[in-house]
Amino acid sequence: MKPTLPMIIVIVGPTTSHKTKLAIEIANKFNGEIINADAYQVYSDMSIGTNAPNKNELNSAKFHLNQFISLKDEWDIKRFQSLCFKIINDILKRNKLPIIVGGSNLYIESIIKNYDLSANKRSLKFDKYDNKKLFDLLSKNNPELSVKIGINNRRRLTRALEVINEKKDKKALEKTNKPIYDYLMIECNYSTRKKLYDSINKKVDEMVKLGWENEVKSIIKKYPKINLNNFIGFKAIGYSDIYQAIINNLKIDYELIKQKIRHYAKRQITWIKNKYHEHLIFNQTNKNEIFDEIKKWLKK
């Protein structure tokens with residue numbers, strides 16, 4: 001019997017695990033379109049360091065929410081959710097398969113769990129606090145969420161505290177409405193942690209060769225009078241490190257950036273493991289098996 005809910009595919013996993021490549025192949029095989037759920041690949045000024053889809057990839061399938069806003073534009077989970085819902089419904093109306101791809105875990109959850117993000121009030125009370133104070137406040141209310149967001153993401157820390165403050169509910173940001181989609185989750189990963197970390201190290205080396213430093217210099221030139229660390233987009237791992245090195249005439253520590261990305265990848269894996277016990281795992285070698293499982297799921 002066919003499910004009553006519309007069907008979507010969700011592809012998650014650590015950085016460099018070839019989520020985009022798999023999404024393209026699934027889109028082409030199952031008449032799908034891809035929706036970006038990476039919080040930083042939305043920025044048109046940032047492509048190398050965010051590992052955004054390249055031109056060949058973008059021409060290989062239909063993509064949505066990729067590199068379409070400026071660093072100056074407002075962007076958060078609420079706007080993502082609103083736009084994503086509209087895009088999903090449009091894809092479904094055209095009898096195609098929505099495929100959500102990304103490593104921003106809260107973004108993914110806001111869709112598949114239908115988070116209630118209706119709180120609108122902007123509270124100035126949190127503006128006076130530094131990141132550590134914001135993190136500590138959120139930790140007292142919701143330790144798991146504070147760890148998930150991290151101490152460096154001021155925007156999301158503030159947003160979480162605003163929602164909790166407005167709704168008088170420590171779990172407010174995680175409240176869900178009734179699910180509106182039937183989803184199949186696929187985790188992209190490697191058979192060993194060493195292979196993942198080797199992939200990350202190699203990818204950073206490739207980003208350097210592609211001109212990651214020059215990309216940041218171009219952004220500095222475009223916004224010469226602005227502290228780029230105030231941009232939400234510069235919370236993407238590596239950008240602030242490169243920016244600070246450039247403006248202070250220091251050597252860029254790419255080994256430190258690699259370490260930060262490896263730590264982030266580990267957190268991504270932990271989130272999937274803790275939150276979603278039943279999902280498919282793409283280990284880079286079992287593509288046909290994944291396709292067979294998708295066929296079964298679509299026919300149920």
Side-chain angles (χ1 to χ4, degrees), residues 12 14-16 36-52 65-81 83 101-110 117 122 126-127 129-139 142 145-163 173 200 203-204 207 212-213 215-220 222-223 226-248 252-254 256-268 270-271:
V12 297
T15 184
T16 76
N36 167 51
D38 183 290
Y40 301 112
Q41 290 183 2
V42 297
Y43 296 106
S44 58
D45 296 314
M46 300 163 58
S47 60
I48 296 175
T50 63
N51 196 22
L65 299 183
N66 279 90
Q67 297 184 281
F68 73 107
I69 63 173
S70 162
L71 277 167
K72 287 185 174 182
D73 291 332
E74 293 290 326
W75 185 251
D76 56 24
I77 188 173
K78 186 174 181 179
R79 187 179 176 198
F80 163 78
Q81 186 195 55
L83 289 175
V101 183
S104 295
N105 300 334
L106 284 178
Y107 279 33
I108 295 286
E109 278 206 336
S110 76
L117 301 177
R122 174 78 171 91
F126 300 111
D127 289 355
Y129 299 132
D130 60 18
N131 282 23
K132 185 179 184 306
K133 180 64 174 179
L134 293 173
F135 183 82
D136 290 343
L137 285 172
L138 186 57
S139 295
N142 191 324
L145 182 60
S146 66
V147 172
K148 188 184 297 183
I149 293 176
I151 196 170
N152 294 318
N153 198 326
R154 182 178 183 84
R155 179 64 172 271
R156 282 170 60 184
L157 287 171
T158 303
R159 172 63 181 168
L161 287 167
E162 286 173 348
V163 174
L173 193 65
I200 291 171
K203 188 62 183 180
V204 173
M207 290 173 174
W212 194 359
E213 180 181 354
E215 180 178 67
V216 176
K217 287 180 178 179
S218 296
I219 295 172
I220 294 172
K222 186 174 181 178
Y223 306 101
I226 298 176
N227 181 349
L228 295 178
N229 282 332
N230 292 332
F231 284 153
I232 300 302
F234 258 55
K235 301 300 180 185
I237 298 175
Y239 278 89
S240 181
D241 299 82
I242 296 173
Y243 171 58
Q244 291 295 334
I246 291 172
I247 64 175
N248 292 300
I252 301 170
D253 190 347
Y254 285 112
L256 176 61
I257 292 174
K258 289 177 183 178
Q259 182 185 69
K260 289 181 178 181
I261 296 175
R262 293 195 300 267
H263 288 169
Y264 176 61
K266 185 178 179 180
R267 293 197 299 273
Q268 289 175 303
T270 299
W271 174 81

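Just so it is clear, the values below take in all heavy atoms, side chains as well, and ignore hydrogens, waters and symmetry mates.
- Note: Tyr239 and Trp212 have perpendicular aromatic rings, judged against thresholds of 30 and 60 degrees for the angle between ring planes.
- Formation of a donor-acceptor pair under 3.5 Å by the Gln41 side chain with backbone atoms of Asn66 is not found in this model.
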Checklist entry - Passes side-chain contact (heavy atoms from CB on, under 4.5 Å), Arg156 versus Ile77? Steps please. => result CA-CA 8 Å; Arg156 282 170 60 184; Ile77 188 173; 6.0 Å; no
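- The distance from the CD1 atom of Ile108 to the CD atom of Gln81 is 12.0 Å, given to the nearest 0.5 Å.
- Between Ser104 and Ala39 the shortest heavy-atom distance is OG-N, 2.8 Å.
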Next on the checklist: Between Asn36 and Val42, is the side-chain contact (heavy atoms from CB on, under 4.5 Å) condition met? List the steps.
Outcome noted: CA-CA 8 Å; Asn36 167 51; Val42 297; 3.6 Å; yes
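- Between Phe135 and the choices Ile151, Asn153, Leu161, the side-chain contact (heavy atoms from CB on, under 4.5 Å) rule is met once, by Ile151.
- Between the side chain of Ser44 and the main chain of Ile69, a donor-acceptor pair closer than 3.5 Å is present.
- The NZ atom of Lys203 sits 13.0 Å away from atom NZ of Lys258, with the distance rounded to the nearest 0.5 Å.
- The aromatic rings of Phe80 and Tyr107 sit parallel to each other, their planes meeting at less than 30°, with 60° as the upper class boundary.
- Shortest non-hydrogen contact noted between Met46 and Gln67 is O-NE2, 3.4 Å.
- You'll find the side chain of Ile149 reaches within 4.5 Å of the side chain of Leu106, heavy atoms only.
- Atom CD1 of Ile200 is separated from atom NZ of Lys260 by 14.5 Å, given to the nearest 0.5 angstrom.
- Among Ile242, Ile220, Ile48, the one residue that satisfies the side-chain contact (heavy atoms from CB on, under 4.5 Å) test with Glu215 is Ile48.
- Here the two rings, on Tyr223 and Phe231, have centers that are under 6.0 Å apart.
- Note that CG of Asp130 is 8.5 Å distant from CG of Asp136, once rounded to the nearest 0.5 Å.
- Using a 4.5 Å cut-off on side-chain heavy atoms (C-beta onward), Phe126 and Leu138 make no contact.
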Checklist entry - Can you list the steps and then say if Ile252 with Glu213 is a side-chain contact (heavy atoms from CB on, under 4.5 Å)? => result CA-CA 9 Å; Ile252 301 170; Glu213 180 181 354; 3.7 Å; yes
Next on the checklist: Could you go through Asp45 and Lys222, starting from their C-alpha distance and side-chain angles, then the distance that decides it, and tell me whether this counts as salt bridge (Lys or Arg N to Asp or Glu O under 4.0 Å)?
Outcome noted: CA-CA 9 Å; Asp45 296 314; Lys222 186 174 181 178; 2.8 Å; yes
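- Atom-to-atom distance recorded for Ile232:CD1 and Arg154:CZ is 9.5 Å, nearest 0.5 angstrom.
- Residues Phe234 and Leu71 meet the side-chain proximity criterion, which asks for heavy atoms closer than 4.5 Å.
- Under the side-chain contact (heavy atoms from CB on, under 4.5 Å) criterion, Asn227 pairs with Asn229, Asn230, Tyr243, not counting sequence neighbours.
- Closest of all the heavy-atom pairs between Lys72 and Ile226 is CE-CD1, 3.7 Å.
- Closest approach of Ser146 to Ser139, counting heavy atoms only: OG-OG, 3.1 Å.
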Next on the checklist: Evaluate Trp271 against Gln268 for side-chain contact (heavy atoms from CB on, under 4.5 Å), listing each step before the verdict.
Outcome noted: CA-CA 5 Å; Trp271 174 81; Gln268 289 175 303; 5.8 Å; no
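- For the atom pair OG1 (Thr16) and CZ (Arg262), the distance works out to 11.5 Å, reported to the nearest 0.5 Å.
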